[in-house]
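Remarks on the structure that follows.
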Amino acid sequence: MVDDLSAILPELALTALVLAVLTIDLFLRREDKWLLTPITVIGLGFVGYTCWTVWGVNQTVFAGFYRVDDLSVFFKVATVVIGILAALFAPSYLAQRKLPLGEFNVILLFSLSGMFVLASSSDLITLFIGLELMVMPAYLLAGFHKTDRYSNEGGLKYFLLGSFASAILLFGISWTYGLTHSTRLSEIGGLLTDGGAAGLIAIAMLTVGSTFKAAAVPFHYWTPDAYQGAPTPLTGFLSVGPKLGAFALLVRVFGDGLGLSGADWYGVMAVLAVLTMTGGNIVALAQTNVKRMLAYSSIAHTGYILAGLAAFAHATDPGVRTQGIEAILFYVLGYGVMNIAAFSVVGMLQRDPRRFGGLSAFAGLAGRAPVLAAAMAVLLLSLTGIPPTVGFFAKLYVLVATVDAGVAWLAVAIALNAALAAFYYLRVIVYMYMREPEADPAPIDRSPLTAFALALSVAGILLLGLFPDPIISFVRASAAGLL
Amino acid sequence: MVTLRNIIHSAVAMMVCFGSLAGMYALLGAPIVAAAQVLIYLGAISVLILFAIMLTQAGDANLPSPFHRQVWAAALVALVVVGLIGWAVTATDWGNATVVVGIALDAMAEALFTDYALPFEILSLLLLAAIIGAIYLARRPEDDERAN
């Protein structure tokens, strides 16, 4: 047993880091602002370290509002990894556009703290506040480039539709409370599914609200515009950070809360999963702008992860059930690293702010920047799901989970969709290696910091693809915390 | 409120909406929430919205709403949702949710600072994030460059 405050040590450390960065930013001269990046990154490293101090604690604290278990530790560690990558990828892009680094770091850290709260919520109240704490800064990051029309549009759309989704979720929570007299996730499950018509409405609203945040079809309309408008490395964060949080929310609400009545909502999740992966992939096929293509493909990835949740709902054997959750965790982490890095490569080709990251910018990249082209090729192969990358094991994990759970048709849908996705991912590789560069090629950002972060992500993707055992055992131990 | 063309009229209609909500809270045995509703929504937020409209609208406030083209689709969806909710409300046994239970002010205050301490503190973090974001968005770009 640990006391309440030690149990939330990671949250306290992260909050302290936010306030520290905010204060230090005030006292730094303009030429010293770069110091904020190492402060943020090292601080996040320390926060990641504090996550280990609550590993294995597995208890509910603060009068039942907060659950510190191994599952939450996994989500927090994944959050820290994504946060560090985001903090490393962004500075050079921001500097080229004269956007302030201090505000970026502070807003990023706020969003991460919301993801921390989401991951540990055992009550609908904390869950909702955590969600808002995560997405409010995310709206800001989408509209971070204030003088850019597209960024304004993306930020505004994200904000309006996101608030709408939050309102639906909140309405669902109020129905839940009216019906069950409780906001505890551990108490609402049985009462909701026995609740008749009102229980159905409540579950429907919770489903719509939370899958909206994860950008599942048909609730995905905000995604392409918000992702395309945001400054590119920030899009990388937006496409993985809030998505990680949304899946933490889904795992908490549907795994913790409604887990035992999985058979009731399995159908909805399975249909949503197939709609999402197919819808995202088909529209991504038609895109000629790589940034927009990656935005749609991130929707498709949501579909694969939802398939893990459907497998969890359908399985009856406890071991197989956890496998669905394990697949979600593995996929979310692997996808997070590869997608944020892929977006940042697009950002590196936008050193000239007038470039929009079209497919032609990648033409002949292998001749102009062989290392960058090779890195991008690895990322795209990983997103496609080709060994020996982490993307392969992520897809494999979901496939195995669905087959073991007895929903083989879902596995077939995933395999077909992966083949569909290969077409548009490999098209970029064809452009890089087999096309002549355009007459006026886009200048490449060669800042050492971005290159370092890219090397780190690619190395991670390859290493975890070759030796996935440590991460698999981490995922297994974390998922065991749920049931 | 949503059918009016003049945005000021819409804002005033929204105030009526807020006021009726406060009445509903009072009837449900939550006078504290009702008072907060009047003070915060009716008093502060409505005035703030009116000011925001006054400061941002150049000249004529009678701008056509961009949503007016979809009015029939919206009406249809709204009817379906109302029908579903109405069905759910009438078809459900609400148990003792229909019993009005009041809570005393001191009990609420105590709960807020003991059991609900953590959500309360996280809310303050959320407000801080919102304030910083609002300042960043409202600041002139020239000041950004000076700050950077």
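Since the structure is predicted, the reported quantities are computational estimates derived from the model, not experimental observations. All values below come from the heavy atoms of this structure, side chains included, with hydrogens, waters and symmetry mates left out. Protein chains get the first letters and strands the later ones, always in sequence-line order, with residue 1 at the start of each.
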Region of [X] that comes under 4.5 Å of a non-hydrogen atom in chain B:
{"X": "A:S111", "value": "neither"}
{"X": "A:F144", "value": "both"}
{"X": "A:F171", "value": "side chain"}
{"X": "A:L109", "value": "neither"}
{"X": "A:T15", "value": "side chain"}

Could you tell me whether a side-chain N or O of B:Y116 sits under 3.5 Å from a main-chain N or O of A:F65, the two making a donor and an acceptor?
no
Taking A:K146 for its side chain and B:Y136 for its backbone only, find out whether a donor-acceptor pair lies under 3.5 Å.
yes
Tell me whether the count of non-hydrogen atoms from other residues, nucleotides or ligands lying under 6.0 Å of [atom1] in [X] goes above 12.
{"X": "A:F159", "atom1": "CZ", "value": "no"}
{"X": "A:Q59", "atom1": "CD", "value": "yes"}
{"X": "B:F18", "atom1": "CZ", "value": "yes"}

Considering all heavy atoms, the nearest [X]-[Y] contact:
{"X": "A:A197", "Y": "B:A91", "answer": "CB-CB, 4.1 Å"}
{"X": "B:A129", "Y": "A:L140", "answer": "O-CD1, 4.4 Å"}
{"X": "A:V106", "Y": "B:I132", "answer": "CG1-CD1, 4.1 Å"}
{"X": "A:G143", "Y": "B:L137", "answer": "O-CD2, 4.2 Å"}

With a 4.5 angstrom heavy-atom cut-off, which part of B:A117 approaches chain A: side chain, backbone, both or neither?
neither
Using non-hydrogen atoms and a 4.5 Å limit, figure out which bit of B:L128 sits close to chain A: side chain, backbone, both or neither.
both
State the [atom1]-[atom2] distance between [X] and [Y], to the nearest 0.5 angstrom.
{"X": "B:T114", "Y": "A:F62", "atom1": "OG1", "atom2": "CZ", "result": "12.0 Å"}
{"X": "A:I129", "Y": "B:I122", "atom1": "CD1", "atom2": "CD1", "result": "6.0 Å"}
{"X": "B:L125", "Y": "A:E11", "atom1": "CG", "atom2": "CD", "result": "10.5 Å"}

Interface residue of largest heavy-atom contact number with chain B, from A:V18, A:I201, A:V61, under 4.5 Å
A:I201
Hey, mind stepping through B:I85 and A:W175 against side chain to side chain contact (heavy atoms under 4.5 Å, CB included) and telling me if it holds?
CA-CA 10 Å; B:I85 289 181; A:W175 277 72; 3.5 Å; yes
So do B:L118 and A:I8 actually touch side chain to side chain, heavy atoms under 4.5 Å?
yes
